[in-house]
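Data block below; observations after.
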There are 2 protein chains.
Amino acid sequence: MLMGVIDLRQLDLKHLVALDAVAVEGTFGRAADRLGYSQSAVSQQIAALERLLGDRVFDRPGGPRPVVLTPLGAELLERARELLARVDAMSLELDLFRTGSAGKLSIGTFQSASAMLLPRIVARMRQQFPSIEMHVVESDAEDDLIRALATGEVEVSFLVGEAPPDTESVHLFDDPYVLVARPDQFPEGPVDPAQFADEPMIGQHPNACQLIGEAGLRSAGLSPTYVYRTNDNSTVTAMVRSGMGVAVMPFLCVEPEDPRVALHPIEPPIPERSILLAWRQNRTRSPAAERFVELAVEISRGFAGQLRAIA
Amino acid sequence: MLMGVIDLRQLDLKHLVALDAVAVEGTFGRAADRLGYSQSAVSQQIAALERLLGDRVFDRPGGPRPVVLTPLGAELLERARELLARVDAMSLELDLFRTGSAGKLSIGTFQSASAMLLPRIVARMRQQFPSIEMHVVESDAEDDLIRALATGEVEVSFLVGEAPPDTESVHLFDDPYVLVARPDQFPEGPVDPAQFADEPMIGQHPNACQLIGEAGLRSAGLSPTYVYRTNDNSTVTAMVRSGMGVAVMPFLCVEPEDPRVALHPIEPPIPERSILLAWRQNRTRSPAAERFVELAVEISRGFAGQLRAIA
DNA sequence: TCACACCCATGAGCATAACTGATTGACTTG
DNA sequence: CAAGTCAATCAGTTATGCTCATGGGTGTGA
């Protein structure tokens, strides 16, 4: 940080622009015209530059002959142009960033959100803002996501349940738990928890969704016994299909188009799983994050409609 | 050149330094202490930055909590640090250039100078200033060299004879023409031009050195007939050795250690060839060029002594 | 050779930008 | 709720940057 004789940090970028203009025009006066200054101003700007460098940057032959760069001036100009180009590039990049058409966005998510919700949002983002670079951090441990949010590792994160402290969030929708069973196992329509109280259960390894679901079942009076646990949702349905048992899963987690299993609303319902999108409280969000939130809300509305259709 | 919303060319580098300090310290006040400003000043500097960008670069939570970068601020800081590093590098580079310990130097030269003089100077330069990058332009047409000097393609150039207009120069030494003959051809010591008036001559294709030499011979009353011309000096001596003829060459051009040819001063002498080092008049020379001139003078003095020894 | 044209440097005057110091208001914490 | 911390802001001063006018130095053409 300690500089030698020259410390260009005191430099004014205007002076470099003036240097360039004079070098091109060959005359302080014409350069001044071009820049909209008086000749005197340009003279003083170049003088300031030379004071900073400790040496002349132009030879002034006097009379009507044009001024010419000294070797030092030529070295400086070469670097100055590069620097100004860099500054212009910065202006552009930051402008793009500010308007949200470029930038980086890190997103926290968990399995079911990344399975059903995230792909649609990401697809829309990539289509509307192709220059936004997205990075996804997935964890099924809610704590990880909250921590990532707090450290800034992710700027927004999908979460389940209540908004943690120091965050703001939007509620996206409530994801009801549904019963997944063999097609012939129950008549179409709602099923009472009592009807499958004795069925062996298929489920995920304990994570936020799973635990909330189990708590819901217990509060409905059931004591479910799990005969198989896997975090792979298609394996869950496969197990149901094979007759090993039934599953109670968030609607988001099941592939609704699979004709080989039946989905039943649970009636009376067990508490829904609230899906929300959270970010740090009182922090300015990047425009990219704003867009992401907007899109998430919009797409979630579509999901909510879908949910009403089966519930 | 027309900027969008943001034009960082109006930016003051001090503001970027302040941005960095605040980001590191977490507080306007501590950043101010570090920078030697008042808290108010830093506050205003950041405000100026934000005015320029059109958006906040820090979130100010209020109270004793530290300020934190907004996403835009983080993007800016990343680029700002890069830019400041570049500026510091520029300071260093220009300082090295200014003191002559680094830089570029283009040198104009012609055959005999590049054969005998240039290697020694270049060697000393490379040894004393290893970071100076030298570029040599060689031409046996004096006009080319003068033109290169005028356009700035070379900053200094070796020349023969008189200094052209618009140049300054130092006289390095006078290079006498010597007779190159077979060892048994003449008795050791000076030879009168009349003694080899009828000998067939070996010489170079017409260039500055050669023409000056021929003119000298003619003014001494000779009408030399050339039976072989080559620009390769060792071929000239080889031809002399083979008995094809004798050569009159600038002393600089002959390899003085070759025992298979004899060198004779010419007495009365034909006009010497004045060797000088020239540069553009009234132009600031780069420190590298100054060093080069100094070294050239110094080394030429050694040559002059060597010349006196045989003349 | 002399007047002229051209061009940069410089000084005076002025506007504005930048900094200091003191104060205010917002917010957190004990 | 009081104390402490911190950024914003206001007023006042200093410094900087600009314009205008002028001076000096250097080629150029009558």
Side-chain angles (χ1 to χ4, degrees), chain A residues 7 9-19 21-52 55-70 73 150 165-166 168 280-284, chain B residues 7 9-19 21-52 55-70 73 150 165-166 168 280-284:
Chain A
D7 180 8
R9 286 192 171 198
Q10 303 171 29
L11 182 71
D12 194 327
L13 291 180
K14 272 183 301 189
H15 296 349
L16 296 185
V17 176
L19 176 80
V22 174
V24 169
E25 295 289 342
T27 275
F28 282 42
R30 276 199 298 277
D33 286 344
R34 177 181 347 174
L35 300 175
Y37 287 121
S38 68
Q39 173 264 318
S40 173
V42 173
S43 184
Q44 292 173 59
Q45 288 179 358
I46 298 297
L49 207 49
E50 292 176 332
R51 204 176 322 121
L52 205 61
D55 252 321
R56 304 230 127 181
V57 295
F58 286 110
D59 280 316
R60 297 121 162 119
R65 308 192 74 79
V67 300
V68 287
L69 288 164
T70 62
D166 297 326
E168 279 177 275
R280 277 199 289 188
Q281 198 172 27
N282 296 328
R283 286 278 201 287
T284 305
Chain B
D7 180 8
R9 285 192 172 197
Q10 302 170 30
L11 183 71
D12 194 329
L13 291 180
K14 272 182 300 189
H15 296 349
L16 296 184
V17 176
L19 177 79
V22 173
V24 169
E25 296 289 342
T27 275
F28 282 45
R30 277 199 297 279
D33 286 346
R34 175 174 359 164
L35 300 174
Y37 286 121
S38 67
Q39 173 263 319
S40 174
V42 172
S43 183
Q44 291 173 59
Q45 287 180 358
I46 299 297
L49 207 48
E50 292 176 332
R51 203 176 321 120
L52 204 61
D55 252 320
R56 303 231 126 180
V57 294
F58 286 110
D59 280 316
R60 293 108 160 136
R65 306 193 74 80
V67 299
V68 287
L69 288 164
T70 62
D166 297 325
E168 279 177 275
R280 277 198 288 188
Q281 198 172 26
N282 296 328
R283 286 277 201 287
T284 305

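Just so we're on the same page: letters track the sequence lines, and every chain starts at 1. Small disclaimer: the values here were computed from a predicted structure and weren't measured. The basis for the numbers below is simple: all heavy atoms, side chains too, and nothing from hydrogens, waters or symmetry mates.
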Tell me every residue that passes side chain to side chain contact (heavy atoms under 4.5 Å, CB included) with A:Arg65, counting only those two or more places apart in sequence or in another chain.
A:Pro61

Can you tell if the side chain of A:Leu49 reaches within under 4.5 Å of the side chain of A:Leu11, non-hydrogen atoms only?
yes

Qualifying salt bridge (Lys or Arg N to Asp or Glu O under 4.0 Å) pairs, either residue in residues 21-33 of chain B, two or more places apart
B:Glu25-B:Arg30, B:Glu25-B:Arg34

Of all the heavy-atom pairs spanning A:Leu19 and A:Leu69, show the shortest one and how long it is.
CD1-CD2, 4.3 Å

List for me each residue that meets side-chain hydrogen bond (donor to acceptor under 3.5 Å, both in side chains) alongside B:Ser43, sequence neighbours excluded, and say none if there are none.
none

Using the test side-chain hydrogen bond (donor to acceptor under 3.5 Å, both in side chains), find all partners of A:Asp59 that sit at least two apart in sequence or belong to another chain.
B:Thr284

Could you list where the contact with chain A starts and ends along DNA chain C, reading 5' to 3', using a 4.0 Å heavy-atom cut-off?
C:dC6 to C:dG11

Tell me if a side-chain donor or acceptor on B:Arg280 pairs with a main-chain N or O of B:Ala150 at a distance below 3.5 Å.
yes

Please determine whether a side-chain nitrogen of the Lys or Arg among B:Asp12 and B:Lys14 lies less than 4.0 Å from a carboxylate oxygen of the Asp or Glu.
yes

B:Phe28 CZ to D:dT9 C1', in whole Å, measures 13 Å

If we fit an axis to the first five pairs and another to the last five of the helix from C:dT1-D:dA30 to C:dG30-D:dC1, what angle do they make, to the nearest 10°?
20°

If the condition is side-chain hydrogen bond (donor to acceptor under 3.5 Å, both in side chains), which residues does A:Arg60 pass it with, not counting sequence neighbours?
A:Glu50

On a heavy-atom basis, the closest approach of B:Leu13 and A:Arg9 is CB-O, 3.5 Å

Classify every nucleotide of nucleotides 13-30 of chain D by which part a protein heavy atom approaches to under 4.0 Å, writing B for the base, S for the sugar-phosphate alone and - for neither, in 5'-to-3' order.
-----BBB----BB----

